[in-house]
Amino acid sequence: MAEKKGPLARDLLGWVLDRRQILIKLGAFAITAPALTSCGEDDATDDPGSSSAGGTGGGGGGLGTTTSSSAGTTSTSSTSSGIGGAGVGGAEGDDSLDLDPSIFEDAVRCALTTTDIEGPFFIDDSEIPNDISLFRSDLRDGHPGCEFQFYFRLLDAQNNCEPIPDAEIYIWHCDADGYYSGFDGQDPSTPYSGPGERTVENDERFCRGVQLTDRNGVAGFRTIWPGWYAGRPVHVHLVARINGATTRLITTQFYFEADFSRQIYENEPAYTARSTNIPASSLNPPGFGDPAMPTMSYTPGLVIGKLNVIVNGNG
């Protein structure tokens, strides 16, 4: 599939995915076993066990000029418009105009990552009658926090890393204070020790949503940077459902460099009250395996993350 290059007409995050109306109820998500790799555009044939530069790279596709770097992540001079400000969206209602995949050219190189657990705070879009639809790109629901634009490109290892269109990408994470939506009785200062799965307890749905990948395998979200809570490194959950001759499910979590997260917590107003004495276990990414680490950039008020996600050929 030929990928479209060059900026397009408008902001991704204001683009309504009209085609979702015929694809929206593809069934429930579930935990599954396949692994993922993160794959740079020039690395589709690389050894998936090779090491990653995890989080390196500055701004491509209008992200701005690199000004400083820390702990493998990059700060840029991008404005609050972020990637969308460069015009990477399609014209509203026009499915022939998709997101510009060139924004992923500087994303992380191939690295095999272990499929991670779904976690206790998962909510399926179809499990609760009359619940709000989670098919949306803006996940903030009025919650304070540093804006976080998170972009994914889903690729198929079984087809020469070709993009995978019309796949459901579902992400969820905690808010700036360390709370997940939909569940009561949380205490971000104490490591969670409850059941691996929980019953939904309230109607809040902040910081969670689903998008369909476009023809270039790309989906994006506008949310807020996750806060920290005791017992787990800062992370974002992802489940992807890929429909075709067979349906494959992938489940993983994405992690971030400790110094990158600390910089946001110490400088953004929504996080500063909890920025002192953060446990190392709540900042440091896992020290085992090869955790998925997106390419990240930060400028005051805006975080941008990008990741090429390739479904393992053994999945």
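Only heavy atoms go into these numbers, but all of them, side chains included; no hydrogens, no water, no symmetry mates.
Aromatic rings from Phe221 and Phe150 are positioned such that their centres are separated by 6.0 Å or more.
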Q.
For a side-chain contact (heavy atoms from CB on, under 4.5 Å) check, start with the C-alpha distance between Asp156 and Ile310, then their side-chain angles and the critical distance, and finish with the verdict.
A. CA-CA 6 Å; Asp156 189 354; Ile310 178 169; over 6 Å; no

Checking Leu134 against Arg208 for the side-chain contact (heavy atoms from CB on, under 4.5 Å) test, could you report, in this order, the C-alpha distance in whole Å, the side-chain angles of both residues, the deciding distance, and whether it holds?
CA-CA 7 Å; Leu134 292 180; Arg208 62 176 73 237; 4.1 Å; yes

Between Phe121 and Trp172, is the ring pair (Phe, Tyr, Trp, His ring centres under 6.0 Å) condition met? List the steps. CA-CA 9 Å; Phe121 301 116; Trp172 70 101; 9.8 Å; no

Walk me through whether Asp141 and Arg136 qualify under side-chain contact (heavy atoms from CB on, under 4.5 Å). CA-CA 11 Å; Asp141 289 357; Arg136 58 192 186 150; 2.7 Å; yes

field: Residues Tyr255, Val236; criterion side-chain contact (heavy atoms from CB on, under 4.5 Å); working and verdict
entry: CA-CA 7 Å; Tyr255 302 93; Val236 172; over 6 Å; no

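The main-chain N or O of Asp131 is never found under 3.5 Å from a side-chain atom of Arg205 such that the two would form a donor-acceptor pair. Side-chain atoms of Asp214 come within 3.5 Å of backbone N or O of Asn216 as a donor-acceptor pair. Listed for the Trp228 side chain is no donor-acceptor partner under 3.5 Å among the backbone atoms of Ser261. Remark: side-chain polar atoms of Ser282 are not paired, donor with acceptor, to backbone N or O of Pro233 under 3.5 angstrom.
By the 30° and 60° cut-offs, the orientation of the rings of Phe260 relative to Trp225 is perpendicular.
Side chains of Glu168 and Tyr170: a donor-acceptor N/O pair is absent below 3.5 angstrom, by distance only. Using a 3.5 Å distance cut-off with no hydrogens or angles, the side chains of Tyr180 and Tyr229 do pair a donor with an acceptor. Side-chain contact annotation: Tyr151 with Gln149, donor-acceptor N/O pair under 3.5 Å present.
Residues Arg140 and Arg222 form a side-chain contact, since some pair of their non-hydrogen atoms from C-beta on lies under 4.5 Å apart.
Screening Thr213, Ile164, Ile250 against Ile169 for a side-chain contact (heavy atoms from CB on, under 4.5 Å) leaves a single residue, Thr213.
Here the CD-CD1 distance, from Glu147 to Ile304, works out to 8.5 Å after rounding to the nearest 0.5 Å.
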